[in-house]
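This report concerns only the one structure given below.
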Amino acid sequence: MAEETFYRELGLVNTRDMFEKAMSGGYAIPAYNFNNLEQLQAIVQACAETASPVIIQVSKGARNYANATMLRYMAMGAVRMAREMGSEIPISLHLDHGDSFELCQSCIESGFSSVMIDGSHLPYDENVALTRRVVEYAHAHDVTVEGELGVLAGIEDEVVAEHSTYTKPEEVEDFVSKTGVDSLAISIGTSHGAYKFKVAPGEEPPALRFDILSEVEKRIPGFPIVLHGASSVVPAYVELINRYGGNLEGAVGVSEEQLRRAASSAVCKINIDSDGRLAMTAKVREYLANNPKDFDPRKYLGAGRQELIDLISHKNRNVVGSADRLA
Ligand code: 13P
């Protein structure tokens, strides 16, 4: 029997039911990172309007940036905002890349309904032991846990990995059964950030390792898989940023076609952070460049927020397939 379930009073839910439905429906739940008001407003509005379940997620760095107490009430406000829009979408508040038991515990006590413990950089046995410890505490409070096997390259806040290591399918069964995790993040060729692949101009980025994904699926059938580093790095945003004073050379992401293919498989959660950052930055830069006399943050942040609403609606409808999934 669960001990106190801290997140319930905020109106949040854990990811169990969401993933079950996503698995049987052949789509994925979008997990959007946020750290400020406008990003969260955009996520809620777009997901309520497209009737999409959603995971709102924060990294350790984002939690420090927003302030842990402020964040708790922002999540509560997100649920209330959706309900006042007449929407019953389930919302889960998730810790992205938790790096210690203590951080996961603190997040659970302040109202997170889902946590990731990322021990993927540790030796296998240490990853198992750390993940198991978090699962025991989390499950006692009805919080779901995401673990990770295999390392993604790239930069995610202060977490930097130079090289990626693909997930070893032969480890997944043992890891899942020893730890008791509810979902598993795997490494099949994506990376964090806007510079995912090095390609010559006009060249296509390499395909994701769907062979590893299907090998994983065979070993743990029906188990929810998570795909990190899933931004498409929309070329139109990169171009706008560069046109208005930015310098993002060689930024390339994962194609929407590959993401759709992943979403229709055992991948139940798709993580998107960089695309949201790019959309906001592009529109803020454009607005400020075209309106040099304006200094009201509502104007330029409002322009960024509207673009983020449009981007998230598009992803829900056309990429992860989570729109109109409330039945
Ligand atoms: P992107 O940098 O591709 O958006 O990935 C975000 C992510 O995986 C967060 O954990």
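Whatever order the structure lists them in is the order used to number ligands and atoms, beginning at 1. As a basis for the values below, the full set of heavy atoms in this structure was taken, side chains included, without hydrogen atoms, waters or symmetry mates.
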Legend entry - Region of Ala194 engaging ligand 1 - heavy atom pairs below 4.0 Å: neither
Inset, instruction - Mind jotting down which residue pairs meet the salt bridge (Lys or Arg N to Asp or Glu O under 4.0 Å) criterion with at least one end in residues 293-304? Sequence neighbours excluded, please. - result: Asp296-Arg298
Inset, instruction - Closest by any non-hydrogen atom to atom 9 (C) of ligand 1: pick that one out of Val233, Leu227, Asp96. - result: Asp96
Legend entry - Any N/O pair Ile272/ligand 1 closer than 3.5 Å: no
Inset, instruction - Report the member of Ser232, Gly229, Ser59 with the shortest heavy-atom distance to atom 5 (O) of ligand 1. - result: Gly229
Legend entry - His228 neighbourhood, listing ligand 1 atoms whose heavy-atom distance to it stays under 4.0 Å: 8 (O), 10 (O)
Inset, instruction - May I ask you to test the Leu149-Lys168 pair for a side-chain heavy-atom distance under 4.5 Å? - result: no
Legend entry - Short side-chain donor-acceptor distance under 3.5 Å, Thr50 and Asn316: yes
Inset, instruction - Using a strict 4.0 Å cut-off to heavy atoms of His97, name the atoms of ligand 1 that fall inside it. - result: 10 (O)
Inset, instruction - May I ask you to decide whether Glu136 forms a salt bridge with Arg132, counting only side-chain N to carboxylate O separations under 4.0 Å? - result: yes
Inset, instruction - List every atom of ligand 1 that sits less than 4.0 Å from any heavy atom of Lys196, numbering the atoms from 1 in the order shown and giving each element. - result: 1 (P), 2 (O), 3 (O)
Legend entry - For Asn33, the ligand 1 atoms whose distance to one of its heavy atoms is below 4.0 Å: 9 (C)
Legend entry - Side-chain (Tyr27) to main-chain (Ala323) donor-acceptor, under 3.5 angstrom: no
Inset, instruction - Return yes or no for this condition: an N or O of Asp275 is under 3.5 Å from an N or O of ligand 1. - result: no
Inset, instruction - Report the residues that fulfil salt bridge (charged side-chain N to carboxylate O under 4.0 Å, His left out) with Glu239, sequence neighbours left out, ordered by chain and then residue number. - result: Arg243
Legend entry - Contact atoms of ligand 1, heavy-atom distance to Gly193 under 4.0 Å: 2 (O)
Legend entry - Nearest neighbour of atom 1 (P) of ligand 1 from the list Ala185, Gly253, Ser274, on a heavy-atom basis: Ser274
Inset, instruction - For Ser322 and Pro53, indicate whether the former's side chain and the latter's backbone hold a donor-acceptor pair under 3.5 Å. - result: no
